[in-house]
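Here the structure comes first, spelled out in structure tokens, and everything after it is commentary.
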Amino acid sequence: MDKLQIKGNWNEVKGKLKQKYGQLTDDDLSYAEGKEDELLGRLQKKTGKERDELIEEINKL
């Protein structure tokens with residue numbers, strides 16, 4: 001399984017995710033160091049995508 005790698009400015013990544021998935025809120029996208037599992041869980045619930053799929057997508061941003 002891939003590991004989530006938040007690179008660059010998280011605010012920029014958040015903006016891109018909100019554009020792609022209009023249903024996401026700032027609360028859904030709140031990120032704290034070491035809380036990747038919580039973030040991915042919220043994103044899975046909102047988008048219906050698999051964990052690995054989300055990790056790949058976020059790492060590409």
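Only this structure's heavy atoms are used, side chains among them; waters, hydrogens and symmetry mates stay out. Bear in mind the structure is a predicted one, so any value in this text is a computation, not a measurement.
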_Quick test of your reading: applying ring pair (Phe, Tyr, Trp, His ring centres under 6.0 Å), list the pairs with at least one residue in residues 40-61, sequence neighbours left out, ordered by first then second residue._
none
*Verify salt bridge (charged side-chain N to carboxylate O under 4.0 Å, His left out) between Asp28 and Arg42, making sure each step is shown before the conclusion.*
CA-CA 6 Å; Asp28 295 329; Arg42 288 190 303 265; 5.1 Å; no
*Between CG of Leu43 and CZ of Arg51, what distance do you get to the nearest 0.5 Å?*
10.5 Å
*Nearest 0.5 Å, what's the CG-OG1 distance between Leu54 and Thr47?*
4.5 Å
*Could I get the full list of side chain to side chain donor-acceptor pair (under 3.5 Å) partners for Tyr21, not counting sequence neighbours?*
Lys49, Glu57
*asked:* Is it the case that over 12 heavy atoms from other parts of the model lie below 6.0 angstrom from the NZ atom of Lys46?
replied: yes
*Could you pull out all residues at least two apart from Lys18 that satisfy side chain to side chain donor-acceptor pair (under 3.5 Å)?*
Asp26
*With sequence neighbours left out, which residue pairs that include part of residues 37-61 fulfil the ring pair (Phe, Tyr, Trp, His ring centres under 6.0 Å) condition?*
none
*State, to 0.1 Å, how close Leu4 and Leu39 come at their nearest heavy-atom pair, and which atoms those are.*
CD2-CD2, 4.2 Å
_Pairing residues for Glu38 by the side chain to side chain donor-acceptor pair (under 3.5 Å) criterion, not counting sequence neighbours_ = none
*Mind checking side chain to side chain donor-acceptor pair (under 3.5 Å) for Glu50 and listing every partner two or more places apart, or none if nothing turns up?*
none
_Test: ring pair (Phe, Tyr, Trp, His ring centres under 6.0 Å). Region: residues 22-41. Which pairs qualify, not counting sequence neighbours?_
Trp10-Tyr31
_Residues in side chain to side chain contact (heavy atoms under 4.5 Å, CB included) contact with Asp27, at least two apart in sequence or another chain_ = Thr25
*Residues which pass side chain to side chain contact (heavy atoms under 4.5 Å, CB included) with Glu12, listed by chain and number, not counting sequence neighbours*: Asn9, Lys16
*Tell me, which pairs form a ring pair (Phe, Tyr, Trp, His ring centres under 6.0 Å) where one or both residues lie in residues 35-61, sequence neighbours left out?*
none
